[in-house]
Amino acid sequence: MHASSPQGRFATGASLLDGDRLVRADAWGKYLFVNFSGGQTLHVHLGLIGKFRDRGPDPGEPTGAIRLRLRNDGGCWDLSGPTRCELIERHERRTIESHLGADPLRRRPDVASARQRVAGMRTPIGAVLLDQTVIAGLGNIYRAEILFLCGIHPLRPSRALTDDEFAAIWDESGRLLRIGVRTGRIVTTDPGEIGVSRSAMRASDTLYVYHRQHCRRCGSEIETVQLAGRPMQFCPVCQPQ
DNA sequence: AAGAATGTTATGTA
DNA sequence: CTACATAACATTCT
């Protein structure tokens, strides 16, 4: 796999050659790092609208606003709309990673420090779950679904959570993210409860509360609060104050 | 066919 | 600490 930058989005003062081969790619939360044989590290963050598209083995010229193309004999991926797409130095990567909290999908996440941070915050837990410096990797959909599954009201002050409640949040985070990686979409509902296999699920069956009018479990009217600047849905019956 | 919505975050201000 | 306000991105769906 090698990379090219059709519209010159890479940081100045560094270059990625067509011949450089991808050595290793790994992610921490929503940040992707890709090492190339020339020693450079590519850093990509998709932001709200960024997307990698699979263009197959015979992609032709890039169409639209493509910022990066990753290509080898077997296939091709085009990137559009990222908030970050740049070559960085080792120390820059360390700086980014030093601002990131425990990632449930990484090998040795620092759960203890995440627990400690949460224990010291008066901020509502619904807002804290979006804070990437505490737990890295959750977004607006996951935070709503995780608190639903744990039966926790989003406005609970973080420091009021018990150890068991924090453990439940952490466990659900890992479980749901792994399902997401495996299936390529966010599915938080239990196939048994819904009565549909995970693969046969329709879009309206995949979530309990996010962007819903009624709770997928009990049918109650869903409520919305603004937390960390973004709307968050919850079920007032399944998540009592 | 214009306009909204979208799986987000770094940075600056009070 | 905490709490907002803001800008930037590109495609898809109404």
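Letters go in sequence order (proteins before strands), and every chain restarts at 1.
Atom CG in A/L100 sits roughly 8 Å away from atom P in B/dA10 (whole-Å rounding). A straight line from CG of A/D78 to P of C/dT11 spans 11 Å, rounded to a whole angstrom. As a whole-Å value, the separation of A/E86 CD from C/dC9 P is 14 Å. Regarding A/L48, its CG atom lies at a distance of 15 Å from the C1' atom of B/dA10, rounded to whole Å. With rounding to whole Å, A/H45 atom NE2 is found 12 Å from C/dC9 atom C1'. Whole-Å rounding puts the A/K30 NZ to B/dT6 P distance at 15 Å. For the pair A/I49 CD1 and C/dC13 C1', the interatomic distance rounds to 14 Å; values are reported in whole Å. Distance A/Q116 CD to C/dC1 P: 13 Å, rounded to the nearest Å.
C/dA7 sits 16 Å from B/dA4 when the P atoms are compared, rounded to a whole Å. Rounded to whole Å, the P atom of C/dT14 lies 14 Å from the corresponding atom of B/dG7.
Look at A/D205 and A/R216 and you find a salt bridge, because one of the NZ, NE, NH1 or NH2 atoms lies within 4.0 Å of a carboxylate O, short of that distance. Salt-bridge check for A/D78 with A/R55: passed, with a basic side-chain N closer than 4.0 Å to an acidic carboxylate O. Between A/E97 and A/R93 there is a salt bridge, since at least one side-chain N of the basic residue sits less than 4.0 Å from a carboxylate O of the acidic one.
Using bins of under 30°, 30° to 60° and over 60° for the plane-to-plane angle, the ring pair A/F52/A/W77 lands in the perpendicular bin. Ring geometry for A/Y208 against A/F148 counts as parallel: the plane angle stays under 30°, on a 0 to 90° scale with 60° as the upper cut.
For A/P124, counting side-chain heavy atoms from C-beta on, the closest listed nucleotide (C/dA3, B/dT9, C/dT2) is C/dA3. If you check B/dA10, C/dA8, C/dA3 against the side chain of A/T123, the one that comes closest is C/dA3. Picking from B/dG7, C/dA8, C/dT2 the nucleotide with the shortest atom distance to the side chain of A/Y210 gives B/dG7. Which of B/dT8, B/dG7, C/dT11 sits closest to the side chain of A/Y142 comes down to B/dG7.
For A/H99, no side-chain nitrogen or oxygen approaches OP1 or OP2 of B/dT9 to under 4.0 Å. The phosphate of B/dG7 has neither OP1 nor OP2 within less than 4.0 Å of any side-chain N or O from A/R185. The shortest distance between the side-chain N/O atoms of A/Q132 and the OP1/OP2 oxygens of B/dT8 is not below 4.0 Å.
Using a distance-only test at 3.5 Å, with no hydrogens or angles considered, no donor-acceptor pair links the side chain of A/Q239 to the main chain of A/F234.
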**Asked** Which dot-bracket string describes DNA chain C (Watson-Crick N1-N3 plus N6-O4 or O6-N4, or G-U N1-O2 and O6-N3, all under 3.5 Å; [ ] crossing; | other strand)?
**Response** .|||||||.|||||

**Request:** Carefully, step by step, assess A/R53 and A/S80 under the rule side chain to side chain donor-acceptor pair (under 3.5 Å).
**Result:** CA-CA 8 Å; A/R53 284 183 179 75; A/S80 66; 3.0 Å; yes

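There is a path of hydrophobic side-chain contacts, each under 4.5 Å, that joins A/V134 to A/L155.
Within the nucleic acid shown, A/R143 has no heavy atom closer than 4.0 Å to any nucleic acid atom.
In terms of position on DNA chain C, the residue among A/K51 and A/G47 whose nearest nucleotide sits closer to the 5' end is A/G47.
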